[in-house]
Amino acid sequence: MYRVHLDASKSYDIFIGSGLIKNAGTYLSRLLPRCRVAVITDSNVYPLYAQTVCQSLAENGFEYDTFVFPAGEQSKNISTLSDMLEFMANCQLTRSDFVLALGGGVTGDMAGFAAAVYARGIPFVQIPTTLLAAVDSSVGGKTAIDLKAGKNLAGAFHQPSLVLTDTDVIAALPAQLLSEGAAEVIKYGVLQDPELFSWMCESTWTEKIPEIILRSVEIKRAMVMEDELDRGVRKMLNLGHTFGHAIEKCADFSLSHGFGVAIGMAIAAGAAGKEEICRRIIAANTACGLPSTCIFSPEELAQAALTDKKRSGSTVDLILPEEIGRCYIQKTPVSELCVLFEKGLSMIKELI
Ligand code: GLY
């Protein structure tokens, strides 16, 4: 088992290993006094893992109540959050109790936000059940819900007290969910870790799931410790996201986030004029079952990118690769976005 320790406004451990889910209560009892736990999960994860987690909570002297919401991004809204908060109040949760987020990014983001605002903030614990949540959203304390105007537009920074990533749960995921998470792993490789990147270029990458999660979490941990509130170096984690988010938006969010990021990273390399990096990102995407191109025009994509929340005034901070393992932030006038989409997409077309 691996242990990564993160020191930010709150210090906490991220455990990564086999069989953690059935011992969740044991880990929690070492950290928190016996209390009441609001287990928050979705309709997909509930039948798979809720009973195991709840049994372990009970065996370790915790009382628990379970809130289950319909799986999917469409639930990540103010109405589900409101139901969640009312549920927590009905359970008479106090500040010495805690929320346990059992699920993927939607569950973690929403349960974390509920924990951030309920009683002006109570502790929460993350048990990520997707690769994407394990390597990204469960670590670093970003919590949010979507508004009609855009994804993640209302939220708070609220660090978890503990993250338990059970690698057996991740290894058992269907191929599509593994691919979605792989995009974020490729991202860490392009940002800082050429060896991790090379693992993702092999079709056997799933054999290294524990190591892949560890290397990704270590990179994210360092960025969060340096820039918890996302004002500087943490922005690097947006590699592929501005371009990718525009693609997700043009597809009316029928394309998953990971798929958008995968294409977005290839566009970023093309936009930076880096043919070899673009070729290698396409190869990694292919090995991980991810796409590298899309059907939308540069004009449509640039228009969608204009409403990105990462835009500040008339510029957007683009993350562009210098080489595999090194990237830089380029403040870019939004008026140049269309040309950059065009440059990125044409290079991808030439290489595919
Ligand atoms: N998902 C990017 C971040 O946590 O900053």
Side-chain angles (χ1 to χ4, degrees), residues 4 6-10 12 14 16 73 76 101 103-113 115-116 124 126 128-146 150-161 163 165 177 180-193 196 212-249 253 256-265 268 308-312 316-321 327-329:
V4 178
L6 194 156
D7 264 317
S9 54
K10 188 180 282 169
Y12 56 97
I14 300 145
I16 301 156
E73 185 80 25
K76 195 176 164 185
V106 169
T107 303
D109 282 9
M110 223 173 6
F113 191 29
F124 89 111
Q126 293 261 21
T129 60
T130 63
L131 180 59
L132 196 143
V135 298
D136 183 19
S137 57
S138 66
V139 175
K142 277 192 184 174
T143 72
I145 55 164
D146 300 338
K151 281 175 76 172
N152 295 328
L153 276 183
F157 285 96
H158 187 54
Q159 299 292 340
S161 300
V163 182
T165 298
L177 278 177
E180 285 173 18
E184 298 286 352
V185 180
I186 294 170
K187 178 190 82 179
Y188 291 114
V190 178
L191 285 175
Q192 285 197 7
D193 191 337
L196 176 61
I212 281 167
I213 297 173
L214 173 69
R215 298 274 278 254
S216 302
V217 166
E218 279 178 334
I219 293 170
K220 180 153 188 186
R221 161 196 178 265
M223 290 197 183
V224 171
M225 282 176 59
E226 192 179 331
D227 175 29
E228 182 176 355
L229 299 182
D230 202 16
R231 308 265 188 256
V233 68
R234 187 168 176 171
K235 286 182 199 285
M236 285 284 191
L237 296 172
N238 291 328
L239 171 65
H241 282 59
T242 298
F243 296 122
H245 191 244
I247 298 166
E248 285 178 70
K249 205 158 181 196
F253 297 99
S256 76
H257 176 68
F259 281 36
V261 169
I263 304 166
M265 287 188 290
D308 195 300
K309 78 172 181 327
K310 291 175 190 79
R311 182 162 79 92
S312 82
V316 61
D317 286 328
L318 288 182
I319 317 303
L320 301 175
C327 292
Y328 59 97
I329 301 179

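In listed order, ligands and their atoms are each counted from 1.
Between K187 and E184 there is a salt bridge, with a side-chain nitrogen of the basic residue lying less than 4.0 Å from a carboxylate oxygen of the acidic one.
A distance-only check finds no donor-acceptor pair linking the side chain of D317 to the backbone of I329 [under 3.5 Å]. Using modelled atom types, no side-chain atom of R221 and backbone atom of I14 make a donor-acceptor pair closer than 3.5 Å.
Under the 3.5 Å distance criterion, with hydrogens and angles disregarded, a donor-acceptor pair is assigned to the side chains of E228 and S9. A donor-acceptor contact closer than 3.5 angstrom links the side chains of H257 and E248.
Between H245 and F253, the ring planes are tilted. Angles from 30° to 60° get that label.
Closer than 4.0 angstrom to ligand 1 by heavy atom are D136, K142, K220, R234, L237, sorted by chain and number.
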